[in-house]
Amino acid sequence: MDPQRISIGGHSSGGSFAYVLAYGTVSRFAGVFSLSAPFRPVIDVADLDYAAPIHLYYGTEDPNFFGASYAAIVDQLDRLGVEFEADIQSGFGHSEWPDSSFIGGFEFLLSKRYTTPGGCVPSETRLCLRDGRFAVEATWRDFKDNTGPARVSADTRTSESGILWFFQARNWEMTLKVINGCTLNDRYWVFASGSTTVEWSLTVSDLLAGESRTYTNPLGTASAAVTDTSAFATCP
């Protein structure tokens with residue numbers, strides 16, 4: 001399965017659920033296909049890296065089209081900054097559409113790929129920061145010589161910072177942030193802290209500039225704070 005090409009679609013209430021799930025959670029869908037959907041509110045786009053484009057279908061005889069739902073959805077998409085296109089077919093009702101509209105919706109989904117401006121594709125083991133420009137990955141080794149990748153606590157991530165865990169999702173091991181210090185010393189800064197004595201290796205990559213920095217902690221040593229204010233001389 002290509003994780004950059006997972007999309008979602010639905011009809012009627014399912015169409016509403018498709019866009020609520022795509023924008024209200026960090027679900028990383030590449031695109032959305034919504035047919036004859038009623039309006040449901042979405043406060044903001046939860047995914048800081050990507051807003052999935054949406055393809056809307058309505059028949060002109062559908063109450064969700066000539067009522068308030070279609071106009072409200074369009075206004076909402078404009079407010080959220082979501083790219084959208086609409087296929088409006090004359091004479092069709094709520095559960096009707098020409099074959100070409102159904103095929104066109106899936107062709108729309110197939111044309112979409114989950115990407116971020118800087119090129120970073122988030123995953124369970126990759127943290128993407130500053131609009132996808134910076135990728136963060138880490139590995140660990142414990143006292144029994146077990147090893148593994150650090151995992152991202154997605155619910156606590158912002159555009160500038162994130163949290164990593166090694167063994168249990170509720171047991172956070174590291175915090176990490178990339179700071180734009182360009183106006184101060186013409187650098188991007190890397191700050192990290194750990195609450196562990198296991199060995200870890202942390203790599204932060206500036207995908208735009210093609211440069212990386214790696215920070216390590218020896219096994220059995222309490223993690224020292226990383227305060228690298230000269231990390232990346234890659235401004236702006």
Side-chain angles (χ1 to χ4, degrees), residues 1-124 128-133 152-160 162:
M1 183 180 294
D2 184 346
Q4 292 181 270
R5 287 188 169 181
I6 300 173
S7 293
I8 189 170
H11 168 248
S12 192
S13 292
S16 298
F17 183 70
Y19 68 70
V20 169
L21 186 61
Y23 305 129
T25 68
V26 184
S27 47
R28 301 193 177 111
F29 291 117
V32 184
F33 180 20
S34 179
L35 298 95
S36 310
F39 173 77
R40 293 292 182 271
V42 177
I43 302 303
D44 204 352
V45 177
D47 192 332
L48 301 174
D49 297 314
Y50 182 83
I54 185 171
H55 179 91
L56 302 171
Y57 167 81
Y58 287 93
T60 57
E61 302 305 308
D62 181 357
N64 286 333
F65 175 74
F66 61 75
S69 283
Y70 172 69
I73 290 172
V74 169
D75 287 345
Q76 178 166 263
L77 295 173
D78 283 335
R79 176 179 59 81
L80 296 174
V82 174
E83 174 189 338
F84 71 92
E85 63 180 41
D87 175 17
I88 310 299
Q89 293 292 332
S90 179
F92 287 86
H94 180 69
S95 298
E96 303 172 296
W97 46 76
D99 289 344
S100 59
S101 291
F102 201 64
I103 293 170
F106 280 95
E107 288 177 340
F108 173 86
L109 297 183
L110 288 170
S111 71
K112 302 306 174 187
R113 182 185 294 268
Y114 184 97
T115 58
T116 59
C120 182
V121 179
S123 71
E124 292 183 352
C128 297
L129 300 177
R130 306 210 70 90
D131 296 324
R133 175 169 177 167
V152 178
S153 180
D155 292 339
T156 59
R157 184 178 63 90
T158 71
S159 63
E160 298 180 2

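We're numbering straight along the sequence, starting at 1.
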Peer 1: Are S7 and F108 packed together at the side-chain level, in the sense that at least one heavy-atom pair is separated by less than 4.5 angstrom?
Peer 2: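 Not touching, per the 4.5 Å side-chain cut-off.
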
Peer 1: For E160, give me all partners under salt bridge (Lys or Arg N to Asp or Glu O under 4.0 Å), at least two apart in sequence or on another chain.
Peer 2: R130

Peer 1: Calculate, to the nearest 0.5 Å, the distance between atoms OG1 and CZ belonging to T60 and F65 respectively.
Peer 2: 6.5 Å

Peer 1: Hey, what do you get for OG (S101) to CG (L35), rounding to the nearest 0.5 Å?
Peer 2: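 If we round to the nearest 0.5 Å, S101:OG and L35:CG are 8.5 Å apart.
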
Peer 1: Is a side-chain donor or acceptor of S34 paired with a backbone partner of L56 at a separation under 3.5 angstrom?
Peer 2: no

Peer 1: Where do C128 and G132 come nearest, in terms of heavy atoms and distance?
Peer 2: CB-CA, 4.4 Å

Peer 1: How far apart are the closest heavy atoms of D62 and S36, and which atoms are they?
Peer 2: OD2-CB, 3.2 Å

Peer 1: Which pairs count as side chain to side chain donor-acceptor pair (under 3.5 Å) when at least one residue sits in residues 65-85, sequence neighbours excluded?
Peer 2: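 Checked against side chain to side chain donor-acceptor pair (under 3.5 Å) - neighbours excluded - the pairs reaching residues 65-85 are H55-E85.
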
Peer 1: Taking distance alone, no hydrogens or angles, what donor-acceptor pairs closer than 3.5 Å link side-chain atoms of residues 17-25 to residues at least two apart or in another chain?
Peer 2:
from	atom 1	to	atom 2	distance (Å)
Y19	OH	P38	O	2.9
Y19	OH	R40	N	2.7
Y23	OH	A52	O	2.6
T25	OG1	L21	O	2.6

Peer 1: Quick one: list whatever passes ring pair (Phe, Tyr, Trp, His ring centres under 6.0 Å) with F39, sequence neighbours left out.
Peer 2: none

Peer 1: On a heavy-atom basis, which atom in A51 and which in V45 lie closest, and how many Å separate them?
Peer 2: CB-CG1, 4.1 Å

Peer 1: How long is the span from the CZ atom in R5 to the OH atom in Y114, to the nearest 0.5 Å?
Peer 2: 16.0 Å

Peer 1: R28 versus I6: any side-chain heavy-atom pair under 4.5 Å?
Peer 2: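 Result no, sub-4.5 Å side-chain heavy-atom pair not found.
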
Peer 1: At what distance, to the nearest 0.5 angstrom, does CG of L129 lie from CG of L48?
Peer 2: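 Result: 10.0 Å between the selected atoms.
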
Peer 1: So, taking the atom named CZ in F29 and the one named CD1 in I54, what distance separates them when rounded to the nearest 0.5 Å?
Peer 2: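 Here the rounded value is 12.0 Å.
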
Peer 1: Taking the six-membered ring for Trp, are F102 and F33 parallel (under 30°), tilted (30 to 60°) or perpendicular (over 60°)?
Peer 2: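 Ring orientation, 0 to 90° scale: tilted.
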
Peer 1: Test of understanding: with ring pair (Phe, Tyr, Trp, His ring centres under 6.0 Å), list the residues that count as partners of H11, not counting sequence neighbours.
Peer 2: H94, W97

Peer 1: Go through the structure and list residues passing salt bridge (Lys or Arg N to Asp or Glu O under 4.0 Å) with E124, not counting sequence neighbours.
Peer 2: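 Residues passing salt bridge (Lys or Arg N to Asp or Glu O under 4.0 Å) with E124: R151.
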
Peer 1: Output yes when a side-chain donor or acceptor of Y50 lies under 3.5 Å from a complementary backbone atom of A30, and no otherwise.
Peer 2: yes

Peer 1: Taking side chain as C-beta onward, heavy atoms only, is P98 less than 4.5 Å from Y57?
Peer 2: yes

